[in-house]
Amino acid sequence: MRDKHDTILIVDLGGGLARVIIHKVRDFNIYSEILTPRRAMEPGSLSGETLKGIVVTGRIDSSACTGEIAECVTPGLWESVFGADLPVFAIGTAAAEMMKAGGAGKDRDLFGVELVSLKKPGEEPVILEPFSIDDHLRPFLFDVCGCSGDWTIEAFLEEAADQVRRQVGDKRVVCALSGGVDSSVVATLVHKAVGDQLTCIFVDHGFMRKDEPRMIREMFAETFGIPLIAVDAADRFIDRVEGVLDPEKKRKIIGEEFIRVFEEEASRFGGEAYLAQGTIYPDIIESGDGGQVVKSHHNVGGLPENLLFEGVVEPLRMLFKEEVRTVGRALGLPASLIERQPFPGPGLAVRCLGGITREKLHVLREADAIFRESIVEHGFADLASQFFAVMTGLQSVGVKDGVRTYDYTIALRAVKTDDFMVARPVEFPWSFLQLVNKRITTEVPHVNRVVYELTGKPPATIEWE
Ligand code: XMP
C-alpha cells in the first residue's frame, strides 16, 4: 500500500496520541503507518518515493504549557527525522523536543503543536483546544505535504485482491474461518481475488453459541458460494477438556486441539497451499518491534507459521478493526456479522466454569440465547458492548412445582466499554431482568437461579475465565 499511495509516517514517542492521529490521517483517505523511534532510525525507514511527510507524536502533557522543554528522550531520532528532508509535524511533547533538537534552525517545513490536557481522576484526558488538531493537520497533509487523498476503500479492495493474486499464483489458499469479523472479511476478500482456489475450514469445537455453526455454514457456503469444509469436532474437544478446571489449561488444550484438527484438514492440500489469516494492524503494532505487548489473548485461530504452508496471506494486516468493518460492508457482508460483538476463540468453554460437561454446555447455550435474544428484542443492544450468559457451575437447592431441585445458577453479564480494557456493567430495567429470569428458569431445564453481575472491569474481567 505504501508503494502505491502518498504516505505519512507517524513516529510514536509513546503516550497513545499516535493512534488518534493515524485515524485522523486515514480519515482523509491518506495512507499512514506508525513507527517506533527505533524503526524510524533504521536506515531507509524514512525514505521512499511515496513518502510525503512525517508526524511525530509525543504525550499530551500539561507541562508543555509552562514553557519547560522536555528532555530529549530519543537521541538520534531527530537527526533521522530531519535527514529525511520532508515536512515534519510534531504533536504534543514532541513539539518541544523538536525545537530542542535543533528544529528551529532548519529552513524546512517544520510544524509543532503542543497539547494541554485536563485530566480529572478516573477520566480520559481531554485536549484543551485553543486550536483543533484537525485545523492544523488538514493543511499540513494537503497543502504542505501535497497528499492527494487517494487511499479509498475501492483502491484498497482492488489492490488487496491484486496483491493476493500475485502472491499465491495458481496455488490453493486455506482459511480458518471462525465466524468472527476478521476471518470472515479475509475469506470474502480472498475469495473475491482467487475464487475457488480458496477453501475455508470451519472447525466447530463444540463451544459455539446456539445456531452459530449452522449460520456460518449457510452464510459462507450457500450465500457466498465459498467452498467450505465444516468439521464437527465437538466430541474431540469436549473429551479433552472434560474435568479440566484450570482456565489457562483449558484454553491451552483447546488451542492445541484446534491446530491439530485444522492441520489434519489442511494437510490434504499437501503443503502446497497458502494460509490466509485475519491478522490486523493492532496485532502488528502490539507485537511489533520493541513496542510493549498489550494483548495477552490468543485467538484459537492464531495459527503458527509452519512447514505445512507455502506462506501466509494477510490482506488486512495494515487495517484497524473499524477499517476491517468498512471493508466487510463494501464486500456485502451483513450487518449482523460486521457488528458482531467479540467472542473468545475458545468460545463457551471459558464461560462454563467448574469442569465442562455436555449438559452444562447445553444449559449455557440455551440460557445465553434467551438473554441475547431478549436484549435485541427489547431494543437494548446499543446499551451494551458485549452481553452473554455464564454457567457458574454452582448447584444449589431450589423448588419447582413443589419438588426440591438441585440445579445450576446462571449469571448474566452485560458491559459497556470503549476499549475492552475498562468496562462497566449495564443498568437494565429491573422488569427486563425479571423477564429474562422468568424465561430462563422456565424454558431451560436444570436452572433454578439467575443472577446479574454488578462488577465492572476492573476488578473483574469481562469473561469469567
Ligand atoms: P477480558 O475477559 O480479559 O476480555 O476482560 C476482554 C475482551 O477480550 C475478549 N476475549 C477474547 N477474544 N480470544 C479473543 O479473540 C480470546 O481468547 C479471548 N478471551 C477474551 C473478551 O470477550 C472481551 O471482549
Side-chain angles (χ1 to χ4, degrees), residues 175-187 202-209 212 216 237 240-241 244 246-259 262 277-287 292-304 314 316-317 319-322 324-325 328 337-353 356 364-365 368 371-372 375 381 383-392 411-426 453-465:
C175 176
L177 188 71
S178 69
V181 181
D182 302 339
S183 71
S184 300
V185 173
V186 166
F202 163 59
V203 178
D204 178 3
H205 51 26
F207 308 125
M208 304 298 279
R209 287 165 296 192
E212 220 167 14
I216 292 170
F237 280 86
R240 286 212 54 202
V241 294
V244 178
D246 178 35
E248 283 309 309
K249 208 163 160 198
K250 230 190 236 180
R251 278 177 179 268
K252 196 155 169 269
I253 292 172
I254 295 169
E256 283 168 6
E257 192 65 18
F258 181 91
I259 291 168
F262 183 80
Q277 289 203 127
T279 314
I280 65 172
Y281 199 34
D283 304 335
I284 309 247
I285 300 175
E286 279 160 21
S287 64
Q292 62 197 131
V293 178
V294 179
K295 198 172 179 182
S296 57
H297 291 311
H298 280 280
N299 254 335
V300 168
L303 294 163
E314 294 175 321
L316 309 179
R317 68 195 306 279
L319 301 189
F320 288 100
K321 193 87 187 184
E322 251 336 285
V324 172
R325 293 200 174 96
L337 197 152
I338 302 289
E339 270 124 45
R340 215 180 94 124
Q341 49 179 289
F343 186 59
L348 298 183
V350 295
R351 296 175 182 170
C352 187
L353 280 59
I356 293 174
L364 169 59
R365 195 172 276 127
D368 180 65
F371 184 42
R372 289 187 300 116
I375 287 181
L383 290 183
S385 316
Q386 203 171 358
F387 44 93
F388 52 86
V390 175
M391 160 53 81
T392 64
L412 306 177
R413 179 78 162 138
V415 293
K416 185 77 180 166
T417 173
D418 292 325
D419 57 6
F420 296 91
M421 308 290 273
V422 174
R424 56 186 165 77
V426 174
E453 186 177 358
L454 303 176
T455 316
K457 174 182 179 178
T461 50
I462 296 173
E463 303 289 346
W464 278 38
E465 284 193 340

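Both counts, for ligands and for their atoms, begin at 1 and track the order of listing.
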Polar proximity ligand 1 side, Ile462 side, N/O cut 3.5 Å exclusive | yes
Distance under 4.0 Å to a non-hydrogen atom of [X]: what atoms of ligand 1 satisfy this?
X	value
Phe420	6 (C), 24 (O)
Pro346	17 (O)
Pro342	24 (O)
Thr461	1 (P), 2 (O), 5 (O)

Lys416 meets the salt bridge (Lys or Arg N to Asp or Glu O under 4.0 Å) criterion, sequence neighbours left out, with none
Would you mind checking if Asp283 and Arg317 are paired as a salt bridge, meaning a charged N to carboxylate O distance below 4.0 Å?
-> no
Taking Gln341 for its side chain and Phe387 for its backbone only, find out whether a donor-acceptor pair lies under 3.5 Å.
-> yes
State whether the side chain of Arg325 and the backbone N or O of Ile338 hold a donor-acceptor pair below 3.5 Å, judged by distance alone.
-> yes
Per-residue contact class, Arg251 against ligand 1 - non-hydrogen pairs under 4.0 Å = side chain
Which segment of Ala423 sits under 4.0 Å of ligand 1 when only heavy atoms are counted | neither
In this structure, CD1 of Ile254 is separated from CD of Glu257 (nearest 0.5 Å) by 9.5 Å
Per atom 22 (O) of ligand 1, closest listed option by heavy atom (Glu463, Glu465, Lys457) = Glu463
Measure from atom 16 (C) of ligand 1 to every heavy atom in Pro458, Ala460, Gly345 and give the option owning the shortest one.
-> Gly345
Pairs involving residues 339-348, ordered by first then second residue, that meet salt bridge (Lys or Arg N to Asp or Glu O under 4.0 Å) (sequence neighbours left out) = Glu212-Arg340, Arg329-Glu339
Could you go step by step and tell me if Thr417 and Gln386 meet the side chain to side chain contact (heavy atoms under 4.5 Å, CB included) rule?
-> CA-CA 8 Å; Thr417 173; Gln386 203 171 358; 5.8 Å; no
